[in-house]
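Note sheet for the following structure.
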Amino acid sequence: EIPRRLFGKPPAGIYQGKPNVNTRRYVVEERTFLYDADSYADDLPYWNFQHGRPHLIVPYTLSENDMRFVTASGFSHGDEFAQ
């Protein structure tokens with residue numbers, strides 16, 4: 001509701017980060033989001049057909065997102081990222 005009030009529309013996608021076994025079904029049933037990113041299964045987007053209609057999955061890539069800042073082999077501060 002907050003993004004809708006701030007920007008006049010809901011966000012296009014969702015990343016929860018800690019999904020449970022029902023999360024994707026709820027997202028598909030809600031019909032608000034065009035995609036979700038609660039997958040680490042691939043590098044490329046793919047379609048999921050489990051819940052009665054096509055739903056786009058845009059995998060969260062651990063190497064290209066903010067997870068680089070929390071892993072031991074990633075960056076420890078912003079200066080390393082800039083280099």
Side-chain angles (χ1 to χ4, degrees):
E1 183 61 33
I2 291 172
R4 191 182 316 253
R5 286 195 321 227
L6 288 173
F7 305 112
K9 60 183 179 179
I14 185 170
Y15 172 71
Q16 182 182 1
K18 303 273 187 208
N20 67 38
V21 295
N22 296 310
T23 301
R24 183 154 296 132
R25 180 173 57 85
Y26 293 147
V27 168
V28 172
E29 288 175 359
E30 176 68 23
R31 293 185 176 255
T32 300
F33 302 107
L34 301 175
Y35 68 90
D36 80 68
D38 281 315
S39 172
Y40 307 98
D42 205 335
D43 292 330
L44 299 172
Y46 61 92
W47 291 98
N48 178 288
F49 300 93
Q50 281 182 310
H51 304 292
R53 67 183 189 97
H55 179 70
L56 183 61
I57 311 300
V58 180
Y60 185 93
T61 56
L62 295 174
S63 62
E64 306 305 326
N65 287 309
D66 56 352
M67 287 300 291
R68 292 288 284 169
F69 293 100
V70 297
T71 60
S73 61
F75 306 116
S76 61
H77 54 81
D79 291 337
E80 290 177 358
F81 178 77
Q83 296 172 1

Heavy-atom neighbours of Asn22 CG exceed 12 at 6.0 Å: yes
Considering all heavy atoms, the nearest Asn20-Thr23 contact: N-OG1, 2.8 Å
Hydrophobic cluster identity match, Leu34 and Leu56, side-chain contacts under 4.5 Å: yes
Co-membership, hydrophobic cluster, residues Phe49 and Tyr35, 4.5 Å side-chain: yes
Arg4 side chain reached by Thr32 side chain, heavy atoms, under 4.5 Å: yes
Exercise: identify the closest heavy-atom pair between Pro59 and Pro45: CD-CA, 3.7 Å
Reported CZ-to-NE2 distance for the pair Arg31 and His55, which is rounded to 0.5 angstrom: 11.5 Å
Donor-acceptor under 3.5 Å (Arg24 side chain, Asp38 main chain): yes
Within one Ile-Leu-Val-Met-Phe-Trp-Tyr cluster: Val28 and Trp47, side-chain cutoff 4.5 Å: no
Note, Ile57 side chain near Asp36 side chain (heavy atom, < 4.5 Å): yes
More than 12 heavy atoms from other groups under 6.0 Å of CG on Leu6: yes
Passing option when Ser39 is tested against Tyr15, Tyr46, Tyr60 for side chain to side chain contact (heavy atoms under 4.5 Å, CB included): Tyr46
